[in-house]
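Below: the structure, in structure tokens.
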Amino acid sequence: MPMPLFIANWKMHGGADFCRRWAREWAREFGDDSGGNDDNDGKGGDNGDNAEVVVCPPAVYIGTLRAALSATGGAAKKVMLGAQDISKFDGEGAYTGEMSATMIADSGCAFVIIGHSERRRLSGDDDEVVAAKLRAAVAAGLRPVLCIGESEDERRQGKTAAVIHRQLAAAIGIDGIGGCGLVVAYEPVWAIGSGQTPDAAAIDEVQQIIRQRLINLPDVVNGGGFGGRIMVVYGGSVRADNVAGLVSGGGVDGVLVGGASLSAAGFAAITRMP
Ligand code: PGA
């Protein structure tokens, strides 16, 4: 079992001061290089060694958050950075307003969220665009976090598996996708920001479909370490009081957290999986 992966998606929230406050609060949660406190309050002294943590702020604040985290030293450095999106266009060019995968990697990001349902719904990211972004991410050495999931209607009509297969197809056939450390986030659209979640058995069913579909891609490592292993995480209304059940019962490798990640203390509590 790899270390669980916790991804924070701030969406269009925050600012420069917010980044600095978040980083300080995060550092307080996990102590610093000096060893922190090791009283038994579940805080400090726990350097978060048993989890991989990725934070995805709005792209304009990636540098600010990176600086704020490194200013705190110690455990805060363990946070990896991710972007919430990248351009579908390769290289450089006359693409006003776009940010390439290479630029995002250059800004210090290791991960990028691709195909979030809000982008699919509000910004026209269809499966073809998603495939182009995946290709760009892999070529730039970013680990894509591919978001997939059914809508409320699709769920009611029993189309969940079909939707999962269709959305996953965007990843199949992309050069290097099997060995790039792909993360697939199962995010039922109806669970995002709604306070509702599927039960663990339903998550388990979907994660099995995902792994089954991807396991035969070239370079996929079946089990074992991070490397080429494809990870499946769950997203949608994850909180500290439901995360443990969703992860262990759902058979997933971690979670993607929206609203609850805006508080560093709240997100820290999630990463401790009480
Ligand atoms: P939520 O969002 O945790 O606020 O439900 C999850 C997501 O959209 O990634």
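If you read the sequence from its start, that first residue is 1, and numbering goes on from there. Just so it is clear, the model here is predicted, and its values are computed rather than measured. Read the numbers this way: they start at 1 and go in the same order the structure lists the ligands and their atoms.
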Report task. Please round to the nearest 0.5 Å and tell me the distance separating atom CE of M231 and atom CD1 of I210. Result -> 13.0 Å
Query - For atom 9 (O) of ligand 1, the protein heavy atom that lies nearest, with its residue and separation - result: E187 OE2, 2.8 Å
Query raised in the report: Short list, please: which atoms of ligand 1 are under 4.0 Å from a heavy atom of H116?
Result: 7 (C), 8 (O), 9 (O)
Report task. Return the orientation label for the W26 and W22 ring planes: parallel under 30°, perpendicular over 60°, tilted otherwise. Result -> parallel
Report task. Pick whichever of Q196, K11, Q84, R239 has a heavy atom sitting closest to atom 8 (O) of ligand 1. Result -> K11
Query raised in the report: Got the closest protein heavy atom to atom 4 (O) of ligand 1, with its distance?
Result: G259 N, 2.9 Å
Query raised in the report: Numbering the atoms of ligand 1 from 1, which are under 4.0 Å from a heavy atom of G236?
Result: 5 (O)
Query raised in the report: Is the side chain of E154 donor-acceptor paired with the backbone N or O of V163 at a distance under 3.5 Å, no angle test?
Result: no
Query raised in the report: V184 and side chain to side chain contact (heavy atoms under 4.5 Å, CB included): which partner among V206, I164, L214?
Result: L214
Query raised in the report: Counting both backbone and side chain atoms, is some N or O of G258 under 3.5 Å from an N or O of ligand 1?
Result: yes
Query raised in the report: Is the closest N or O pair between G193 and ligand 1 shorter than 3.5 Å?
Result: yes
Query raised in the report: Just by modelled atom types, is the V232 backbone N or O under 3.5 Å from a matching donor or acceptor in the D253 side chain?
Result: yes
Query raised in the report: L256 to ligand 1: N or O pair under 3.5 Å?
Result: no
Report task. Mark yes or no: R272 above the aromatic ring of F30, with NZ or CZ under 6.0 Å from the six-membered ring centre and no more than 45 degrees from the axis. Result -> yes
Query raised in the report: Is the shortest distance from a Lys or Arg side-chain nitrogen in R121 or E118 to a carboxylate oxygen in the other one below 4.0 Å?
Result: no
Query raised in the report: N9 heavy atoms, cut-off 4.0 Å: which ligand 1 atoms fall inside?
Result: 9 (O)
Query raised in the report: Is any N or O atom of S194, backbone or side chain, closer than 3.5 Å to an N or O atom of ligand 1?
Result: no
